[in-house]
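A short worksheet on the structure shown next.
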Amino acid sequence: MKFRFSIFLCGLALAAPFCNAQADFLRHTAPAAPASPDPTILRALKTIQPSRIEETINTLVRFSTRNTLSSMETDLPQGQGITAAADWIAGQFDQISKECGGCLEVHRDTFTEPVGSRIPKPTTITNIYAILRGSDPVQAKRMVLVTGHYDSRITNVLDARGPAPGANDDASGVAVSLECARALSKLHFPATLVFVAVAGEEQGLNGSRHLAKLAHSGGWQLEAVLNNDIVGGNTTPGDTLQLKDRVRVFSEGVPSVATPEQARRIHLLGEESDSASRQVARAVADTARSYFANAKGAPFHAVLIFRPDRYGRGGDHTSFNQEGFAAVRFTEWREDFNHQHQNVVMPAAGSGAPILGDLAQFVDFSYVAKVARLNAATLATLASSPGEPVKVAFTPGKLEDGTTLRWDAPAGTVNHYDVLWRETSAPDWQFVQKVKPEAAGATITITVPVSKDNVVFGVRAVDAAGHRSLVVVP
Ligand SMILES: [Zn+2]
């Protein structure tokens with residue numbers, strides 16, 4: 001079945017002389033606005049508390065080192081090293097699952113990483129992840145994943161024994177995964193959520209690469225990967241430039257896996273800022289506006305950074321990008337490099353030298369809680385949404401001043417679609433046109449009086465409660 005919708009808003013809303021003026025249409029059409037928060041999700045977010053995050057980070061620090069290579073040290077004292085940390089994290093997921101009637105499938109995926117530049121001998125690496133299966137048999141194939149890395153390091157990345165607290169990098173990210181699992185496992189979602197803690201990040205993204213390949217070969221329909229790495233809100237006494245009301249969200253523009261032909265097409269059409277990862281980043285920012293922008297006294301924002309990562313740095317989202325998945329990185333606003341990748345050094349009192357080391361005393365647990373709530377709200381929104389519209393396309397070969405778009409319905413039940421557009425120089429969606437589907441499973445076709453030559457278009461699906469899918473560009 002095929003339905004055609006033509007939108008002549010201009011004719012309805014404006015005086016006739018202006019009707020053909022696209023600039024007027026842009027000005028008078030509805031601006032893209034945040035959705036109302038879902039009260040059930042809001043209640044779940046309130047359960048994410050700094051005290052629990054503090055407990056998690058302090059516990060992870062107490063394993064002394066979580067260097068990935070410590071899995072091969074056979075004579076570490078009881079309760080030290082990365083294997084003990086893995087046991088504890090798996091135990092946390094087991095406990096969370098127990099509290100929701102066994103709702104999580106907890107996996108320990110152990111493998112041997114061969115020798116590499118930062119792996120001097122074959123090394124046992126363990127990823128831990130918990131799956132909350134979607135309640136809808138069709139939509140359960142759709143997955144949204146949150147991850148952090150539980151391994152740590154000091155100055156010498158090959159030092160498997162020296163104290164490596166890794167409180168910010170990246171016990172903070174593991175705390176986000178655990179809190180998302182704790183808060184969201186009490187709810188039901190049509191799509192599937194995956195809560196992850198990987199190892200091997202500091203040795204070369206080994207754990208995440210293994211998991212991303214597993215996801216690829218296993219046919220996981222991962223719609224979005226949220227990687228939290230250094231989300232501690234570093235608090236160094238005297239630092240006046242740290243900002244606690246925001247988190248950076250990094251995303252790649254041109255997909256890592258773009259073939260030369262795809263890269264040529266992206267160049268030709270000016271689609272450098274519309275990768276699937278960038279739509280995930282925009283969805284995070286949209287969720288932040290819905291849930292936290294107006295929080296009284298404590299607004300919280302996602303700052304879109306249109307770059308795969310910080311200069312000269314990498315992270316686990318890259319592993320997923322390289323397997324063709326949409327993935328972004330959350331990182332605090334301002335990093336203090338005295339508190340990352342450093343041997344712990346306590347200077348003599350009065351020396352004026354800074355304390356070195358990634359210690360829990362520099363982590364702001366309230367800040368981590370805010371990042372965790374933003375992650376949880378994004379996971380819950382995407383997993384509740386009907387899923388992405390399918391085969392979004394322009395009508396091919398048509399020279400027109402308006403734009404005709406068509407797409408197929410996603411797996412879930414759609415209340416309406418949002419046709420979005422923005423000026424080519426704008427970072428985020430500016431304008432929206434609601435389109436009602438007349439029948440499930442139909443191909444939708446609409447024409448809007450805006451030229452595709454002048455703007456970027458996208459389409460998302462929205463359910464009756466207002467949960468928005470990711471935006472798909474034609
Ligand atoms: Zn890290």
Side-chain angles (χ1 to χ4, degrees), residues 53 56-57 60-61 63 65-70 82 85-86 89 113 117-119 125-129 145-160 162-178 195-212 225-234 247-252 305 307-322 327-344 356-360 362-364 367-368 371-372 375:
I53 287 166
T56 294
I57 292 176
L60 288 169
V61 167
F63 293 106
T65 181
R66 304 189 312 278
N67 184 294
T68 298
L69 306 179
S70 68
I82 194 164
I89 294 165
E113 183 70 25
S117 63
R118 292 180 171 189
I119 305 270
I125 294 182
T126 300
N127 292 331
I128 304 134
Y129 57 96
L145 185 151
V146 60
T147 187
H149 71 86
Y150 71 98
D151 63 307
S152 64
R153 64 167 288 184
I154 47 178
T155 310
N156 175 7
V157 72
L158 301 179
D159 187 335
N168 195 345
D169 185 10
D170 181 34
S172 66
V174 175
V176 169
S177 280
L178 283 173
F195 311 98
V196 181
V198 295
E201 197 271 350
E202 304 290 7
Q203 312 309 122
L205 314 181
N206 314 85
S208 57
R209 188 176 304 116
H210 179 84
L211 181 60
V225 172
L226 311 181
N227 174 32
N228 290 269
D229 196 351
I230 311 178
V231 291
N234 177 78
V247 64
R248 290 180 289 172
V249 181
F250 291 85
S251 60
E252 65 176 10
I305 309 280
R307 175 170 287 150
D309 208 324
R310 300 100 76 230
Y311 272 81
R313 309 289 295 275
D316 291 319
H317 57 303
T318 306
S319 295
F320 288 93
N321 287 155
Q322 286 170 347
V328 301
R329 174 191 184 122
F330 291 71
T331 298
E332 64 190 10
W333 178 249
R334 182 174 151 86
E335 297 168 76
D336 186 331
F337 304 103
N338 285 334
H339 304 147
Q340 291 177 20
H341 302 191
Q342 298 285 339
N343 291 351
V344 177
L356 301 181
D358 190 353
L359 298 163
F362 301 111
V363 172
D364 179 341
Y367 179 84
V368 183
V371 177
N375 272 262

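Residues: numbered from 1 along the sequence shown. First listed ligand is number 1; within each ligand, the first listed atom is number 1.
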Measure distances from the Zn ion (ligand 1) and count the protein N, O or S atoms below 2.8 Å.
4
So, do Asn127 and Val196 sit near enough that their side-chain heavy atoms are less than 4.5 Å apart?
no
Apply salt bridge (Lys or Arg N to Asp or Glu O under 4.0 Å) to Asp364 and list each qualifying residue two or more places apart in sequence or on a separate chain.
Lys244
Salt bridge (Lys or Arg N to Asp or Glu O under 4.0 Å) against Arg66, all qualifying residues, sequence neighbours excluded:
none
Go through the structure and list residues passing ring pair (Phe, Tyr, Trp, His ring centres under 6.0 Å) with Tyr367, not counting sequence neighbours.
Phe300
Would you mind reporting whether Ser172 and Asn228 have side-chain heavy atoms less than 4.5 Å apart?
no
Is there a side-chain contact between Gln340 and Glu335 in this structure, where contact means two heavy atoms from C-beta onward sitting under 4.5 Å apart?
yes
